[in-house]
Asker: 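Let me begin by handing over the structure; questions about it come next.
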Amino acid sequence: MTEHISRAAGRLPAARSGLIAAMVAVLCAGWQAPAPAAGPSATQRITTNFKDADLTQVAEAVSAATGRNFVIDPRVRAQVNLISSSPMTTADFYEAFLSILQVNGFVAVPAGNVIKIIPDANVRTMAASDLPSRVNSSSDEMVTQVLTVKNTNAAQMSQLLRPFVAQYGHLASVPGSNTLIISDRASNVARIMKIIARVDQSSDNGIDVITLQNSTASDLVRTLSNLLTAQPNADGGVAAPKVVADERSNSVLVSGESAQRLRVSTLIAHLDTPTENGGDTQVRYLRYAAAEKIAPKLKEQLTSTSPTSGGGAAGSAAAADRNTNIWADANTNSLVITAPPKAMRAIMSIIDRLDIRRAQVLVEAIIVDVRVDKAADLGVNWAIWSNDGSATVPAGGFVSPVGSANGNPVSIIDLARAVSSPTTATAAPLGTTFGIGRVASSGVNFAAMLRALRSDANTNVIATPSATTMDNQETELKVAQEVPFITGQYTNSTSTSSGTVNPFTTVQRQEVGTILKITPQINEGDAVMLKIQLESSELSGTAGDANSLITNKRVINTHVMIEDQGIVVLGGLIRDSTIDGESRVPFLGRIPLLGEAFKSRNAKHQKSNLMVFIRPKILRDGMQTSMETNAKYNIIRSEQQRVNQRDSADFPLLPTEAPPLLPVAPPPPPGALAQPTKDATP
């Protein structure tokens, strides 16, 4: 195989012939029995001889020998020489290739499974071998190291080392952590690391790092710097101690002579004491109040109490107000507060008074409506007429309505006509009626009747709506029906020829029932002030104009004050009316005894009592709320049991179906016994 490759190399140009010879040397030197998926051998020896070879061809030989994959930038162009008198390993061959790249201004940057070969001017934008565990001082690969400077200032060290870094390299300091970031070739990075190890030596002054527990490093350093700057140097020229704040760890770095460091450390220990209500930023979790509602109020309070202009104390207060921020987190119902200590104490004091468990109020209303309607009718109706053929000649009579049909009055004449022609009958008189008469097709006819009617109606309605709400929170209880009321009608003819009409009716639905709105306010002691809006309405059962429904409505809007569990009457209506009526024939109706045949009498007596009572009950803790809930719950459950027992005594129509029944009321939660209501008063 070597002989054939050598012949082919003889017919190629000199540069390519040298490349082929190098590849032949690589392949022949490392030739072993074929092994599937085996990489380059670590013991393989290579002797190279490149003269004026293209850099791309050298990269191909390195790739074949080391098994690495290269991506070559189009700008990478160079003629290189690589002569080796002794065999090299594959690792040495790769390092020699990196040296060739460095000499020609190129760099190899690893990127996953490939290695990018780019101009060294672009190396800053490419990821190199970041933070290797060991830096090879003889390698020319690009590496990045982060070095911690222990005894000197990282920024000053960065200025001293910058001339040792190549133009395409990178050197920067991180003041907060006093560290250096170096990106350069491994050989140069190793050189700089040795320099840092020699220079970064501890001095006699020393540095103390004091971690703060309650104060902010920047604020404490600002105070100490003002104090130390105003003092003259001690010991005839010894520099004053220097303090630096490390925001990342909230620590203060103190450098200087040991006695001065001890003095500054003592000051820091005295200043780093916990404040009464915490530091500059705190998260306050609310238990009862809503964070989104209380946050704007706190901002308004701070804005209204802090001065907006002026110098001295007023300017300091205005600056403190600018440093105060409050925002609410709805997910955790908490407030995030950033404020100076004085403002923080004021805010926390306000929150302590507002974030309290408010009492609840159970309001029970009793609506009592008692009505009595009594009516009586007594009268005599008679008529005489003559039938002569097809003509009817009336002779006389006393006629008054004794009934109604479709809203039209019915008299004794209508009843007599119905006797002669039953198909024309429309209605019969109400009450007890005694009649006598003659109705024939000819001759003299007469009819007389005595009618007596007494009607009594008694109504006793008791409604007990109740609602529970928190202090100063409105609650609404609505038990009503949506009843349609006709508000308009008209008919529109679409075609005069066809006679088609489109009737249109507008309907408005109104709520008919019991609507209770209550806003309680618990005052000092056990008094409760109630803002009440009560509406109780019902259908009267009669129709008005255009057959519209008539509703009876009672409305009360008032403010009352009542003691806990006391009962107060909100309003009432007591009405007693008597109506007597008489219809008679003039003069004849006043004749004793005989006048009864010429008159009818009616009397009507109406009496109604409507009263509304209300009783509030303060529920100060979870136990009272649980007891009141269980009481109402057991009332409904007992009523279900009573109805189920009554139905089971009869013949059951669905014997396999169990009647519905509420489960036994659960016991109160353990926390209900240990959560007393806070009092908002001091």
Side-chain angles (χ1 to χ4, degrees), residues 1-32 34 38-111 113-123 126 128-129 136-143 166-169 184-190:
M1 181 179 66
T2 306
E3 181 181 358
H4 291 293
I5 296 177
S6 300
R7 292 177 187 170
R11 296 191 298 268
L12 295 174
R16 186 169 300 272
S17 176
L19 172 62
I20 296 301
M23 294 181 64
V24 169
V26 170
L27 296 177
C28 292
W31 176 258
Q32 293 179 358
S41 175
T43 60
Q44 180 178 345
R45 297 293 177 173
I46 303 170
T47 301
T48 60
N49 186 11
F50 291 99
K51 293 182 180 180
D52 293 332
D54 187 82
L55 183 59
T56 304
Q57 299 172 357
V58 179
E60 293 177 0
V62 174
S63 177
T66 62
R68 289 180 169 86
N69 301 320
F70 296 104
V71 176
I72 302 176
D73 190 283
R75 294 170 294 178
V76 176
R77 292 287 185 271
Q79 299 297 121
V80 300
N81 297 320
L82 179 57
I83 302 173
S84 174
S85 60
S86 61
M88 298 184 297
T89 63
T90 55
D92 295 337
F93 189 27
Y94 180 70
E95 293 298 332
F97 177 66
L98 295 180
S99 300
I100 293 176
L101 295 178
Q102 178 185 8
V103 171
N104 290 274
F106 305 123
V107 64
V109 180
N113 295 328
V114 299
I115 299 176
K116 301 177 183 179
I117 300 177
I118 60 175
D120 54 14
N122 300 335
V123 71
M126 297 293 179
S129 179
N136 188 359
S137 59
S138 61
S139 176
D140 289 330
E141 64 176 345
M142 292 298 299
V143 296
Q167 185 176 3
Y168 52 81
D184 203 343
R185 299 188 182 273
S187 57
N188 196 34
V189 171

Asker: Check ring pair (Phe, Tyr, Trp, His ring centres under 6.0 Å) between F97 and all other residues, then give those that pass, not counting sequence neighbours.
Answerer: F70
Asker: Among residues two or more places apart or on two chains, list those pairs meeting salt bridge (Lys or Arg N to Asp or Glu O under 4.0 Å) that have a residue in residues 74-103.
Answerer: D73-R75
Asker: In the structure I gave you, are the side-chain heavy atoms of D54 and Q79 within less than 4.5 Å of one another anywhere?
Answerer: yes
Asker: Going by side-chain contact (heavy atoms from CB on, under 4.5 Å), name the residues that satisfy it together with V114, two or more places apart in sequence or in a different chain.
Answerer: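 N69, V71, A111.
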Asker: Kindly give the heavy-atom pair with the smallest separation between N188 and A166, and that separation in Å.
Answerer: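 Between these two residues, the closest heavy atoms are ND2-N, 4.0 Å.
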Asker: Mind listing the closest non-hydrogen atom pair of V143 and A186 along with its distance?
Answerer: CG2-CA, 3.7 Å
Asker: Which residues pass the side-chain contact (heavy atoms from CB on, under 4.5 Å) test with N81, not counting sequence neighbours?
Answerer: K51, D52
Asker: Give me the atom names and distance for the closest heavy-atom approach of T47 to S84.
Answerer: CG2-O, 3.5 Å
Asker: Drop me the distance from L98's CG to I115's CD1, to the nearest 0.5 angstrom.
Answerer: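 Those atoms lie 7.5 Å apart.
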Asker: Give the intermediate values and the outcome of side chain to side chain contact (heavy atoms under 4.5 Å, CB included) for residues I100 and F50.
Answerer: CA-CA 11 Å; I100 293 176; F50 291 99; over 6 Å; no
Asker: Kindly write out the residues that satisfy side-chain contact (heavy atoms from CB on, under 4.5 Å) with A96, not counting sequence neighbours, or none if the list is empty.
Answerer: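 By the side-chain contact (heavy atoms from CB on, under 4.5 Å) rule, A96 matches L82.
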Asker: Indicate yes or no: at least one non-hydrogen side-chain atom of M88 is less than 4.5 angstrom from one of R45.
Answerer: no
Asker: Just to verify, what does S99 make a side-chain hydrogen bond (donor to acceptor under 3.5 Å, both in side chains) with, not counting sequence neighbours?
Answerer: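 Applying side-chain hydrogen bond (donor to acceptor under 3.5 Å, both in side chains) to S99 gives D140.
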Asker: Which atoms form the tightest heavy-atom contact between A61 and F93, and what is the distance?
Answerer: O-CE2, 4.0 Å
Asker: What pair of heavy atoms forms the shortest contact from V107 to P119, and how long is it?
Answerer: CG1-O, 4.2 Å
Asker: What residues form a ring pair (Phe, Tyr, Trp, His ring centres under 6.0 Å) with Y94, not counting sequence neighbours?
Answerer: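 Y94 satisfies ring pair (Phe, Tyr, Trp, His ring centres under 6.0 Å) with no other residue.
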Asker: Tell me, do T90 and I46 make a side-chain contact under 4.5 Å, heavy atoms counted?
Answerer: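 Yes, their side chains come closer than 4.5 Å.
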Asker: Any sub-3.5 Å donor-acceptor pair from T48's side-chain atoms to I83's backbone N or O?
Answerer: no
Asker: Would you name the heavy atoms of V62 and T66 that are closest together and state the gap between them?
Answerer: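 The answer is O-OG1, 2.6 Å.
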